Amino acid sequence: MRPISRRTVLKGAGGAALALTLTRLGFRLASTQEEVVYTYYQYRGWEDVYRKKWTWDKVTWGTHLVDCYPGGCSFRVYTKDGIVWREEQSGVYPCIDKDVPDMNPRGCQKGSSFSRVMYGAERLKYPLKRAGKRGEGKWQRITWDEALTEIADAMLNAIEESGPETIIYEFGSGEGGMVNGPQPAWRLMRLIGGTTLDSNGLTSDYNVGIYQTFGKFQFVSSVDDWHHSDLILIWHMNPVYTRIPCAHFVHEARYHGTEIVSIAPDYNASSTHADLYVPIEAGTDAALALAMCRIIIDDGKVDEPFVKEQTDLPLLVRRDDGHYLRASDMEEGGRDDQLYFLDASGDIVPAPRGTLDLGDADPSLSGETTATLKDGATVEVTPAFEILRERLRDYTPEKASQITGVGPNLIRKLANKVADARAVHMLQGFSACKYYHGDLIERSMALLMALTGNFGRKGTGMRGWNSAQLLTSHLLKTRPGLEGFLEFAREARKVEKRLLDEDDTLSEEMIAIETDREEVRGSTVTNMPATPMMVPPAFYWYNHCGYKDVWNRPEWNDPTMKRTFDEYMTEAVERSRKAEAGKGEKGWWEGLIRPAPDKPPRVYLGVAGSTLRRTRGGFKQLLNNLWPKLDLIVSCELRMSTTAYFSDIVLPASGFYEKTDFRFPTMHVNFLTFTDQAVQPLGECKPEWEAFALLAKKLQERARQREVGEYEDDGGRHYRLDDVYDVYTMHGAFKERDGEKLAEEMVKDTVRVGALPEKTDLKEVRKRGVIRFTGLGADAVGLNVSTDIKPGETISPLRWHTERKIPYPTFARRIQFYIDHDWFLEAGEELPVHKPPPRMGGDYPLVMNSAHLRWSIHSIWVVNQTLLRTHRGHPLVIMNPEDAEARGIADDDEVRVFNDFDHFNIRTKISSATRPGQVIVHHAWEPYQYKGWRPYDSTVPGMIKWLHLAGGYGHLKYWRWNWVQAQVDRVIRVEVEKAV
Ligand code: SF4
């Protein structure tokens with residue numbers, strides 16, 4: 001190899017700087033002729049640029065409106081001559097608790113190079129119309145007016161010929177703005193009756209097992225609360241990759257003695273910072289957790305006061321049919337949801353529904369007694385804890401060791417660590433939930449935490465995600481200002497009163513959830529038209545996207561299923577139909593199966609969500625099955641994603657420093673984070689509020705011209721388009737260019753619900769860049785955190801339950817491990833158990849797992865030149881050296897990965913950090929970065945678990961982001977061979 005001299009390096013560095021300079025000037029050139037002259041006069045060469053490198057015309061606040069959860073990093077954005085030259089972390093976060101490190105500085109390498117994406121070759125600048133076949137890559141530049149006219153006409157055709165529900169709206173993770181991003185098109189969809197797909201169902205970032213256990217999953221601590229733990233279990237998360245601005249709290253906690261344990265099938269970047277690394281066979285985590293539970297019970301280390309008060313484990317279960325003992329069993333007219341304890345006195349006593357406070361009662365966790373039913377018959381009943389103890393007999397450390405590959409002594413050691421720790425935090429991300437039996441994994445992990453009382457205290461808990469505190473006025477209001485807010489509040493109050501008249505034990509949180517459920521099925525709480533806010537995508541995939549055949553392959557489903565997938569689907573749909581017809585079946589999927597099987601989608605609108613990349617198996621399934629049905633495919637995007645590439649019309653969206661907005665906030669960070677308009681949007685890009693205001697205007701104009709009158713959707717709801725722009729803009733209060741006013745409105749409404757300090761306004765936000773939230777907001781998702789936000793304290797969720805004894809929003813009103821829904825009983829999953837992942841993809845020797853890429857968040861940065869230079873820069877499969885050698889494969893070889901679903905080609909990275917038998921492909925790569933444009937998920941069938949179609953039971957009822965089916969993509973069976 002030729003030696004590299006220092007001079008060569010310097011030359012190289014100078015070349016890079018010049019290239020960067022010219023790239024940016026190039027964009028400047030693309031604007032107007034006058035600017036070209038000006039630009040050249042200012043910058044005669046890279047030396048000028050270098051000398052003036054640290055002088056700016058202005059410095060503004062910025063953040064990145066992408067779902068880099070939890071994100072929300074405040075940046076300073078440096079602008080000169082209308083170009084953003086650089087950005088850097090701001091370091092403005094105040095100290096919250098003097099004993100805890102502060103958040104400064106928040107940021108990652110992606111955010112620090114967003115300006116490169118703004119000016120990158122992938123950036124969209126003008127509305128485009130397909131000029132060749134779909135995906136051929138031939139484009140014609142058109143005006144916004146031409147684009148919007150085509151879109152409006154296609155939408156009107158769909159409305160007139162098939163119904164508005166055949167207009168599909170999907171938003172993605174690539175734009176997490178609150179004023180803009182997904183919200184404006186969402187508002188428009190509600191006004192015209194379109195179908196908005198549930199974003200958790202689409203992303204699979206839905207902790208289904210946590211939801212099954214708590215009736216919610218969006219309760220999170222602030223990331224600085226991790227510092228209060230003395231044991232952090234990193235289990236199904238890799239924070240060094242995926243929580244870059246937050247990972248320091250894990251590392252800093254070690255300075256005061258916190259022990260870090262990483263449990264993972266690969267020795268990942270976070271494992272290297274742990275005190276103890278526990279390698280585990282992928283998908284066997286439930287067996288490990290249950291064995292630890294057994295040890296804790298056998299050793300008498302259960303936190304009994306917590307378990308008796310907070311969980312369902314003392315509730316009595318009938319031995320004859322496995323159902324809870326209910327008041328409806330015992331007396332005529334008794335409630336179906338009134339459950340019972342066995343008191344220490346030996347009496348069967350009703351478990352309070354309106355509080356967790358046990359008063360003088362002392363529920364037993366063991367024992368057996370006889371209950372007399374209303375017909376005089378008797379049944380044996382026992383606490384659920386007793387049944388749990390019996391089931392855990394199967395989980396000796398030795399047996400669990402055979403399943404998990406973790407040694408029995410290590411299992412014992414781990415169990416003791418958890419039992420003996422003062423406060424345990426489980427850093428579990430969105431990985432377990434992407435396993436077929438991820439619900440069982442999460443339920444088992446939650447059981448371990450509950451048996452040891454690790455919820456509702458500082459430094460404890462598990463985590464999902466959360467975004468709710470900032471009131472999105474444009475999703476709720478039809479009128480501006482205080483009047484619109486009060487109108488919304490009055491309607492909400494009416495619903496609350498009605499719900500309390502039916503059941504006065506409902507908590508504030510339960511009322512908010514029920515209100516959301518009504519909203520999603522089309523109530524008028526918000527004065528918006530009664531269109532469902534969102535619907536689960538599973539039925540759309542099944543009916544319209546070709547997944548029916550895939551999901552019905554028995555060998556890819558769980559072998560313990562008693563019936564075929566279709567039999568479960570049919571029952572779920574039938575029950576929903578009966579409910580729709582008022583025939584008594586409540587709460588399955590009525591009103592949510594949109595569009596109906598006989599109504600193929602006509603128009604697809606995506607905002608910052610690349611469905612062809614994100615939908616598991618979607619590049620194959622959607623292109624083959626959905627695309628041919630669609631009259632028009634529209635993508636509104638910042639950059640040319642794969643879906644945009646295969647669209648008919650592409651609308652260019654403004655970048656994160658080209659509009660006034662807020663990053664979607666989360667309790668994890670608990671600051672409202674502001675991004676200002678530093679520069680004019682590039683080319684003809686527009687903020688989404690403006691883009692969809694213009695579309696509303698065009699719909700109104702074309703509807704009037706075409707004399708489209710009132711119409712109805714599949715739910716019999718009525719709409720009209722001749723005033724849709726007026727309603728969209730709240731009767732002129734927020735016109736196309738009024739995004740700034742809308743931001744002000746959102747801040748004011750958020751102050752009104754007490755989630756921001758009094759007197760906060762946009763001016764204050766602009767002055768400070770970040771403002772700490774003071775409350776949870778008015779949204780059900782915010783209330784899911786169930787804790788008070790106090791000055792000077794980190795945020796620990798669930799404290800309303802542990803301290804104020806407010807019940808959980810589950811069927812049992814407690815943390816619920818025993819689910820007596822008929823389908824769960826039939827599956828043997830009424831309690832958490834371990835089940836091996838089905839052999840999805842076929843009978844192949846390797847399992848393929850996936851995770852986020854370190855260098856991109858979703859796919860926004862994945863083709864960014866700056867970041868591509870920091871790693872190999874192309875998709876790769878990580879293989880263990882033994883597996884590679886056995887197949888004659890070397891590092892960087894091109895290989896073919898295949899199974900019964902399909903195949904793809906990719907290069908290898910050989911690393912012993914991956915256990916034998918497992919290969920890893922990170923999922924953010926765009927399909928067009930793969931050879932032949934055949935992405936990794938060509939081999940991912942995109943299965944859903946049949947049990948998640950269950951309904952009609954307590955909390956197992958859909959509401960926005962909750963109890964929604966999500967596709968799984970972990971432990972896919974594949975083989976790898978050298979490509980020829
Ligand atoms: Fe923070 Fe996300 Fe920006 Fe990275 S991309 S700096 S995590 S907001």
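The structure displayed is predicted, hence computed values, not measured ones. Counting starts at 1 for both ligands and their atoms, in listed order.
At a cut-off of 3.5 Å, with distance as the only test, a side-chain donor of T666 or Y69 sits close to an acceptor on the other residue. Between the side chains of R639 and S859, at least one donor N or O sits under 3.5 Å from an acceptor N or O. With 3.5 Å as the limit, one finds a donor-acceptor pair spanning the side chains of S796 and D225. Residues Y657 and E87 have side chains that bring a donor and an acceptor to within less than 3.5 angstrom of each other.
Y435 meets the ring-ring contact (aromatic ring centres under 6.0 Å, His included) test with H236; sequence neighbours excluded.
No option in L756, T750, V747 other than T750 meets the side chain to side chain contact (heavy atoms under 4.5 Å, CB included) test with L471.
For atom 1 (Fe) of ligand 1, the nearby protein N/O/S atoms, meaning those under 2.8 Å, are C73 SG.
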